[in-house]
J.: 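The structure is given below, and queries will be raised subsequently.
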Amino acid sequence: MNKFCNGMGHIAATLSISLLAIPCVHAGEPALNAQQLAITERVLKFCGPVNPDAAKKLQEKISEMVKGRSEADLATARDSEEYKKGYAMIDGIVAQDDEQNAKALCKNSAADK
């Protein structure tokens, strides 16, 4: 049981750290961070069915990230290696989780907004 709880702590910490990453700001608008977009979208996909409040906060975060971006810019970002790596990283993390702990995991991830 203790080993399981330590694993959950590691997963929650990894997601929290991933969601805290902030893109660099250049003159004008901040650059779109494809990896951060991927991480947030993947966590939303995982959390949406189990925690509507967390899903709402994550969707707001995504909306802020893509605000003012063209569909072409978003398509390019989602097709990038950075996006694919970020999405795959979260896939690996959430694959280790079970439904029983999903609500707590999603609540902690959305709290970083």
Side-chain angles (χ1 to χ4, degrees):
M1 179 71 175
N2 191 26
K3 183 178 178 182
F4 175 77
C5 291
N6 287 340
M8 283 307 302
H10 174 72
I11 292 169
T14 302
L15 283 175
S16 295
I17 290 168
S18 298
L19 291 172
L20 283 175
I22 299 174
C24 298
V25 178
H26 301 281
E29 71 182 51
L32 178 60
N33 184 324
Q35 186 175 33
Q36 183 64 32
L37 179 62
I39 289 167
T40 308
E41 287 182 336
R42 181 59 184 103
V43 172
L44 173 63
K45 183 178 177 182
F46 176 73
C47 293
V50 297
N51 189 325
D53 291 336
K56 181 180 177 188
K57 290 177 182 176
L58 290 164
Q59 185 57 59
E60 290 170 0
K61 184 173 182 150
I62 292 168
S63 294
E64 289 173 18
M65 280 191 271
V66 302
K67 186 176 180 180
R69 309 290 179 174
S70 70
E71 290 298 319
D73 287 345
L74 294 174
T76 299
R78 289 181 176 121
D79 195 42
S80 71
E81 282 302 310
E82 292 83 12
Y83 185 94
K84 292 173 185 174
K85 287 177 185 177
Y87 203 92
M89 178 180 73
I90 300 303
D91 264 348
I93 293 169
V94 299
Q96 300 171 22
D97 197 20
D98 62 20
E99 191 173 333
Q100 181 181 6
N101 296 300
K103 288 186 180 184
L105 182 64
C106 294
K107 181 179 178 183
N108 292 335
S109 297
D112 294 329
K113 181 182 178 295

J.: Looking at Ser80 and Ala34, what are the two nearest heavy atoms and their distance?
T.: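 Answer, listing the atom of Ser80 first, then Ala34: OG-CB, 3.4 Å.
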J.: Considering the options Glu64, Met65, Glu60, which one meets the side-chain contact (heavy atoms from CB on, under 4.5 Å) requirement together with Ile62?
T.: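 Only one of Glu64, Met65, Glu60 forms a side-chain contact (heavy atoms from CB on, under 4.5 Å) with Ile62, namely Met65.
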J.: Apply salt bridge (charged side-chain N to carboxylate O under 4.0 Å, His left out) to Asp73 and list each qualifying residue two or more places apart in sequence or on a separate chain.
T.: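 Residues passing salt bridge (charged side-chain N to carboxylate O under 4.0 Å, His left out) with Asp73: none at all.
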J.: Rounded to the nearest 0.5 Å, what's the gap from OH on Tyr83 to OG1 on Thr76? Could you check?
T.: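 It comes to 13.0 Å.
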J.: Would you give the length of the straight line joining atom CG of Leu32 to atom CZ of Arg78, rounded to the nearest 0.5 angstrom?
T.: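 Result: 8.5 Å between the selected atoms.
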J.: Tell me whether the count of non-hydrogen atoms from other residues, nucleotides or ligands lying under 6.0 Å of NZ in Lys84 goes above 12.
T.: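 More than 12 heavy atoms, drawn from other residues, nucleotides or ligands, come within 6.0 Å of this atom.
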J.: About how many Å separate CG of Asp79 and CG of Leu74, when rounded to the nearest 0.5 Å?
T.: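 Reported value, rounded in 0.5 Å steps: 12.5 Å.
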J.: Could you work out, with side-chain contact (heavy atoms from CB on, under 4.5 Å) as the rule, every residue matching Gln35, not counting sequence neighbours?
T.: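 Gln35 satisfies side-chain contact (heavy atoms from CB on, under 4.5 Å) with Asn33, Ile39, Glu82 once adjacent residues are dropped.
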J.: To the nearest 0.5 Å, tell me how far Asp91 CG sits from Lys45 NZ.
T.: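 It is 7.0 Å, given to the nearest 0.5 Å.
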J.: If you round to the nearest 0.5 Å, how far is CD1 of Ile90 from NZ of Lys85?
T.: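 Interatomic distance, Lys85 NZ to Ile90 CD1, rounded to 0.5 Å: 15.0 Å.
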